[in-house]
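Along the sequence shown, residues carry numbers from 1. We count ligands from 1, going down the list as the structure has it; atoms in each ligand are counted the same way.
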Amino acid sequence: MTTETRVVGKSLPRLDASGKVTGTAVYAADFALPGMLWGKIVRSSEPHARIARIDTERARRMPGVRAVLTAADVPDVRYGGALKDETVFARDKVRYVGQPVAAVAAVTAEAAEAAAAAVEVSYEPLPPVLDLAAALAPGAPLVHEDWRTYTAIPILHRDGNVCNRARIVTGDVERGWAEADRVFAHRFTTAMVHQGYTEPRAAVAAWDSAGQVTVWSNTQLPFEIQNTLAEILQVLPGCVRVIVPGIGGGFGGKLRVGVEHFAVLLARKAGRPVKVLTTSEEELTAAYPRQGTLIELKTGVTRDGRITAKEGRIWFDTGAFAGSGPGVASVATLVLAGPYRIPNLFLEGYAVYTNKTNCGSYRAPSGPQANFAVESQMDMIADALGLDPLEFRLRNIVREGDEGPTGQTLTAVGLEECLLRAAKAIGWENRKPGPWRGKGLACGWWTTTGGSSGVYVKINPDGTVGLNTGAVEIGTAALTGAAQILAEELGVNLADIHVVSADTFATPFDFGAQGSRTAFAVGNACRAAVAELKRKILAQAAAHLRVEPEALALRDRHVVADGTRVSLGEVARLSQLSGGGLIAHGTFIAPPTPYDAKRVEAHVYPAFHSPSFHAHAVDLSVDPETGDITIHRYVVAQDVGFAVNPTYIEGQIEGGVAQGLGQALSEEIVYAGGRVLNANLTDYKMPTTVDVPRVESILVQHPSQVGPYGAKGVGEPPNIEPPAALANAVAAASEVRVMTLPLTAEKIALALRGRERA
Ligand code: MOS
């Protein structure tokens, strides 16, 4: 960047701050309409069973009940993303404990709950597929007998319980093994974990007399939900309006239709607005958590620490439906490659059906699992070769102009700087500063998701600016970041910008709050809008000031020329009098990232756009009696391209690490016999404020060529490295290498006892 900026790059307060801190912001879970009913979902008690009979008579006659629905009452539609295998309610058989089989609406939440409990369902149990090994065994029962008949995007590679097998093949691993002095093979597993958003999934639906339905929900993707609801209802998308009043965290768990379809169908049946809100138990048994995985990694290295080849496979336990599994399995292969120069790669990601809840996307989907394996193994290899883990990484990391695993050209590669600065911050030269104390590192790379964004920008006669966007403010302050870019470009203050967002009827299309893309894409759409708007502003002002448009510039909320100026508001007023006002439509779509298509198979996401690079460094102690971990320092160095608002990027880093610590140390949705044993927030152990250490952020800035002012996506990355960084630090502190997540104190203590006995 060459010129001084006045709004971007500054830690200004977010535009929605006051509503959040005073508690006046309305979230979807708060939203209510007069005369609203409450919906409740009846869920399967069996992991895999034929439905013999559903009797709703008793429920229908209960006081206050206004609607009861089963599969027989709704269109027989299979929907889904890459693979259409879902139905609103189970029809002939259920495939997981928690799968919806019916829904009721009643005048109070209590009446709805009582009616739901009165729906009688008889099941004939079928042999369930309880884990990856069972699903992949020869002759395993099929979760979907009719998988061949389902509609899917044609590139998927499917086979029975495998609903996609994505692959990257680069070079020739056999040659790589021949060139290697040592070959290391390891196996890792990771647990199923929930996103832990504070606001449960919620939706309110109301139909009007013209046959249009409006849904207020906390979805991350209002335009996608509009289409999905239209598909489920068998109506045109133009009949479905989706509005996001506010969203209390999503982290990928609110990408897909959650409870919106139940609200819409119940409201249509009852002729009244209906609200559906999930409980913690429903969240932990029937939401879209992160998949548990099994990972096998084989890596060849020369004696001096150069990686010659890597073969890796990761199996995702995607649960009873494909959901985001085919895509997540694809992305995983890019994470398995790691941010390393490796000439020979054979990497596969499998999405596998089991009789569990349908797993989905969670902040950097596949990132923490695959990175845990890759970065744990990097340390294990370094130890075996007698190399410092930092030095081993520096010998292999990608650098400016290198090729990515699928042939993309990497630019703005800030990885070396991230590694060096994170390591330096924790005093890497002294890796074992005391007994039971050690330091660990992990690094990685991630994408800035593409997809298009549109905005309308309007200048008001009072000089304020309307930013109208289909994007969702998911809580990151990404729309404040976009507004900072808009303010910078227009020469106004951030506080001059008013944001209207996330209404499929009233705002332009946006690909949604996913993949760390919002500030990046909406920011660029704002720049495009200003380019368009400037022509109108300058023409109007030039006529008014009697100067040439070329002599004018936007500065300090004015249009200025040598010795004269007019306020932006006055130009807007003049434009309203003469030509309908100052408004422009700006759009952006990230240019495609070229890659070598011959290297990929069944791959939904073959390249990382405007990739970010990051390193985490941790200094901790292990209690040799209990296995408990005390974190002394946690440092993140993240290449953010350009820090549009440093405070909120630090907020993302702190939040991402907090979630990452949970996945690393304590969180696991525990299944036994197809049932969740810990479906409450007492037994499902998320970290709290007392568990999370201070996180130190180092913002590294190697500007992206595409991002606004050089920005890259920043939201997901901080969630990726915590498990590996902690595992590596635990190994340095205790010589215990835990290869299954979570790294509980119990596992560490048992391993220490085992070693003492040995
Ligand atoms: Mo994200 S897991 O793309 O919300």
Inset, instruction - Kindly say whether the aromatic ring centers of Phe316 and Tyr350 come within a distance under 6.0 Å. - result: no
Legend entry - Glu716/Arg363 salt bridge by N-O under 4.0 Å criterion: no
Legend entry - Glu716 to ligand 1, any heavy atom closer than 4.0 Å: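 Contact present.
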Legend entry - Sub-4.0 Å heavy-atom contact, Gly250 with ligand 1: no
Legend entry - Nitrogen or oxygen atoms of Pro365 and ligand 1 under 3.5 Å apart: no
Inset, instruction - Please indicate whether any nitrogen or oxygen in Ala364 is less than 3.5 Å from any nitrogen or oxygen in ligand 1. - result: no
Considering the heavy atoms of [X], write down every atom of ligand 1 situated less than 4.0 Å from one of them.
{"X": "Gly515", "value": "1 (Mo), 3 (O)"}
{"X": "Arg363", "value": "2 (S)"}
{"X": "Phe251", "value": "2 (S), 4 (O)"}
{"X": "Gln220", "value": "4 (O)"}
{"X": "Ser361", "value": "2 (S)"}

Legend entry - Whether Tyr150 and His144 hold their rings parallel, tilted or perpendicular, with breakpoints at 30° and 60°: perpendicular
Inset, instruction - Indicate the ring-plane relationship of Phe31 and Trp216, choosing parallel, tilted or perpendicular according to the 30° and 60° boundaries. - result: parallel
Inset, instruction - Taking Thr333 for its side chain and Ser330 for its backbone only, find out whether a donor-acceptor pair lies under 3.5 Å. - result: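 Confirmed, Thr333 side chain pairs with Ser330 backbone.
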Inset, instruction - Report yes or no: is the cationic atom of Arg14 (NZ for Lys, CZ for Arg) closer than 6.0 Å to the six-membered ring centre of Tyr648, at no more than 45° off its axis? - result: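 Yes, a cation-pi geometry holds between Arg14 and Tyr648.
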Inset, instruction - Over all heavy atoms of both residues, which pair between Leu334 and Trp445 is shortest? Give the atoms and the distance, please. - result: O-NE1, 3.0 Å
